[in-house]
Amino acid sequence: MKDTFDVIVVGGGHAGVEAAYAAAKMGSATLLVTLDVTHVATMPCNPSIGGLGKGHIVFEVSALGGLMPQLCSKTYLQARMLNTSKGPAVQGLRLQIDKYAYSALAYEYLSATPNLTLMSQVVTELVTENGAVRGVRTEDGTMLYAPSVVITTGTFLNGLMHVGRTRYQAGRRGERAVYGLSASIGNAMGVPVSRLKTGTPPRLLTSSIDYNQLEQQPAERLEYLYEFDPITVVEKIPCYVTTTNATTHEIIRKSLHLSALYSGNIKGIGPRYCPSIEDKVGRYPDRDAHHVFIEPEGASIEEVYPAGLSTSLPLEVQDAYIHSIKGLEHAVITKCGYAIEYDFIQPTNLTTSLEAKTVAGLFLAGQINGTTGYEEAAGQGLVAGINAHLKHADKEPFILSRNESYIGVMIDDLVTLGADEPYRMFTSRAERRLLLRQDNVFSRLMPYGKQLGLIDEDLYQKFLREKHIIECGISAVREAGTSSTLFKLLHGSEFTHDVQREIKELLHPLLARHNVSADDVSPRILLCIHAEIKYDGYLDKERREVEKTQRFQALKIPVDFVYTNTPGLSKELQQKLNFYRPASIAHAQLIPGMTPAAISILIFNVRMREKNYAA
């Protein structure tokens, strides 16, 4: 095997898979090196992809030509759209995945990807020279060379697993940890290495569960998943829900001293939004129940995942509290739950291209940047892989702004705010979420995918056709006027299948004037027209705010500008502005915690001062 490549990707998780796939597809001779190439894109925790905010990222990966959405379409077990009672801007697609089929298919796709070489090996050292990457060295001493290296090591860096008071070194269940690499990266970048923690629940034998006592979650009637093309969505295996109870909580409460989390054995900081069951019981003593979602791990395996029961308690305690839950009285634990600590690098040491500030050609993506979740990892991996290729090709980096994508929001948050706990995406993190909807994701980002060479011509032409139909539909509604039945239906809060059918009938003669058939109006097109009409005034306001901020980025802030008691600015932001004393609006935007609303207030006050001085 050759030892010189254009791009080397270290780690075969969801970040590594996307990075390697993108770099190779763009034309770089790419090497993906991981512990076992047949175990790429595994799901050691929840076997699902998507959800609120997370699903938006997967849609964006799809629009940019990434691999995750393609794998989802072929390996899902159940599909649900969350938050359907709310507007289209805050809904989220979530798929239950056959995690074994997903990993196997990822390996199959990568093996068939031109320009991509797969290697099973342990990387223990990052090699640099004069502030730039030279390559990596493996455990057996082999030197692999590349001008661009993407590190996507997940939980493997100095991984330490905890079950009660038992600790042992591992990267995840059944796999070894990696030593030396995190220190090598930290030394090369000149930054310290920190620790985070995550965990997973025990797994249960499917046949040992009494499903008659559980509530079945209804499947959704959907015509699309994450890919652009429609798909016939069917429920292959159902999911169920139950709850913990007072007995469960009492068992856990009495055993808190045995938990690695509460005994002080764990030093890393855990995820705020996916806490362990002992953390939930300890932090919320007044809660008498917590939901437990019983979700299949695969179509061909007798094992389920009880989401909500992540733990580091001893196995005998796990067994006791599991048996106290309705429907799980006789459940058999096939694998015990555990917590895992691992190293990460503060992402404030990266640029928005995910390149290290102090080491040219070094890119980091995924949990090494302090994030949690397959979706967050995939979004970062895709951007890192694209930019690793562009770096090698001596081209300008690809940067997504927070005003045009959730991936941009995530990366901007990470590189400006850093991570003091595992970062998870929510729709609430996006200030412009009315602009960043699932239904308009292809309009927002697919042109980028085409420019980068990640979207083929046939797909792009289908996208252009859909874009044209949407524009014609919006024009037709506006021609009908605000007093029309069509406008009122689109502007209303109800958007049921019956309402959609009526809208299509009303659109039919109007679209004919634009040489468009109502038969061409897909559910996604209809949803996009609905969102654009429903949010019309708000969208215009959002776009004006974005344009104003961009227009005034170069606006200079006087060195003696007084921030204290500025109306509309919180005390916290006043203090930060006084501390950092930004020279311009662009610099002010980089201050941790600075919001678009605060930037608008700052622009207004700086301009008012200019006018007063001019007068």
Side-chain angles (χ1 to χ4, degrees), residues 7-24 30-49 54 57-58 61 66-72 75 97 99-111 113 116 118-123 136 149-159 161 170-178 181-182 185 196 198-200 271 340-345 347 354 363-385 388 407 410 422-425:
V7 174
I8 293 174
V9 178
V10 179
H14 299 275
V17 163
E18 295 296 340
Y21 183 72
T30 304
L31 171 68
L32 173 61
V33 54
T34 187
L35 272 71
D36 184 344
V37 296
T38 64
H39 287 173
V40 293
T42 62
M43 297 184 185
C45 199
N46 201 322
S48 69
I49 287 178
K54 289 172 170 282
I57 290 177
V58 186
V61 170
L67 188 57
M68 177 175 274
Q70 302 175 53
L71 301 175
C72 284
T75 62
I97 299 292
K99 71 179 194 179
Y100 301 101
Y102 187 99
S103 177
L105 190 61
Y107 174 63
E108 183 182 323
Y109 272 47
L110 294 177
S111 298
T113 300
L116 181 57
L118 307 180
M119 177 190 287
S120 296
Q121 185 55 271
V122 179
V123 172
V136 298
V149 172
V150 185
I151 305 290
T152 68
T153 42
T155 60
F156 282 80
L157 296 181
N158 291 334
M161 285 177 56
R172 60 188 174 215
R173 191 195 311 272
E175 296 184 77
R176 57 175 290 187
V178 174
L181 182 56
S182 55
I185 296 167
L196 289 176
T198 189
T200 189
I340 184 165
E341 289 183 278
Y342 55 93
D343 289 347
F344 84 106
I345 303 290
L354 295 180
F363 298 84
L364 307 184
Q367 284 176 289
I368 193 172
N369 287 342
T371 59
T372 180
Y374 315 134
E375 305 85 354
E376 290 89 345
Q380 292 172 74
L382 180 60
V383 170
I407 294 175
M410 170 177 62
Y423 178 97
R424 178 177 178 173
M425 178 51 68

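When all heavy atoms of Gly385 and Ala23 are compared, the pair lying nearest together is O-CB, 3.7 Å. When all heavy atoms of Leu157 and Ser182 are compared, the closest pair comes out as CD1-CB, 3.8 Å. A pairwise comparison of heavy atoms in Asp36 and Ser120 identifies CA-OG, 3.7 Å as the closest pair. Across Ala106 and Ala41, no two heavy atoms sit closer than the pair CB-CB, 3.8 Å. The minimum heavy-atom distance between Leu382 and Gly66, with the atom names listed, is CD1-CA, 4.3 Å. Residues Ala24 and Thr113 come closest through the heavy atom pair CB-CG2, 4.0 Å.
Side-chain atoms of Tyr21 never come within 3.5 Å of backbone atoms of Tyr109 as a donor-acceptor pair (strictly under, hydrogens ignored). No side-chain donor-acceptor contact under 3.5 Å links Thr372 to the backbone of Pro422. Here the side chain of Glu18 pairs a donor or acceptor atom with the backbone of Met68 at under 3.5 angstrom. For the pair Thr34 (side chain) and Gly11 (backbone), a donor-acceptor distance under 3.5 Å is absent. Judged by distance alone, with hydrogens and angles left aside, the side-chain atoms of Asn369 form no donor-acceptor pair with the main-chain N or O of Ile345 at under 3.5 Å. Judged by distance alone, with hydrogens and angles left aside, the side-chain atoms of Thr30 form no donor-acceptor pair with the main-chain N or O of Leu116 at under 3.5 Å. No donor-acceptor pair under 3.5 Å is formed between the side chain of Tyr342 and the backbone N or O of Gln367. Lys99 contributes a side-chain N or O that, together with a main-chain N or O of Met43, makes up a donor-acceptor pair within less than 3.5 Å. Side chain of Thr371 to backbone of Glu376: no donor-acceptor contact under 3.5 angstrom is found. Remark: the backbone N or O of Gly159 is not paired with any side-chain donor or acceptor of Glu341 at under 3.5 angstrom.
Using a 4.5 Å heavy-atom cutoff, the side chains of Val149 and Val136 are in contact. Within the 4.5 Å cutoff, no side-chain heavy atoms of Pro347 are placed close to those of Tyr423. Looking at Leu31 and Val9, their side chains never come closer than 4.5 Å, going by heavy atoms from C-beta outward.
To the nearest 0.5 Å, atom CD1 of residue Ile8 and atom CZ of residue Phe363 are 13.5 Å apart. Within the model, atoms OG1 of Thr198 and CZ of Arg172 stand 12.5 Å from one another, a figure rounded to the nearest 0.5 Å. Note that the CZ atom of Arg173 and the CD1 atom of Ile340 stand 10.5 Å from one another [nearest 0.5 Å]. Of the inter-residue distances, the one linking Arg176 atom CZ with Phe156 atom CZ reads 10.0 Å to the nearest 0.5 angstrom. Atom CG of residue Asp343 and atom CG of residue Asn158 lie 4.0 Å apart, to the nearest 0.5 angstrom. Atom CD of Glu375 and atom CE of Met410 lie 10.0 Å apart (nearest 0.5 Å).
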Evaluate Val10 against Thr153 for side-chain contact (heavy atoms from CB on, under 4.5 Å), listing each step before the verdict.
CA-CA 7 Å; Val10 179; Thr153 42; 4.3 Å; yes

Exercise for review: Begin with the C-alpha distance, continue with both residues' side-chain angles, and end with the deciding distance and a verdict on side-chain contact (heavy atoms from CB on, under 4.5 Å) for Thr42 and Tyr100.
Suggested key: CA-CA 7 Å; Thr42 62; Tyr100 301 101; over 6 Å; no

Run the numbers on Leu35 and Val178 for side-chain contact (heavy atoms from CB on, under 4.5 Å), then give the verdict. CA-CA 9 Å; Leu35 272 71; Val178 174; 4.0 Å; yes

Item to check | Full working for side-chain contact (heavy atoms from CB on, under 4.5 Å) between Leu110 and Val40 | outcome: CA-CA 9 Å; Leu110 294 177; Val40 293; 4.2 Å; yes

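Here the rule is side chain to side chain contact (heavy atoms under 4.5 Å, CB included) with Ile368, and of Leu181, Ile185, Thr155, Thr152 only Ile185 fits it.
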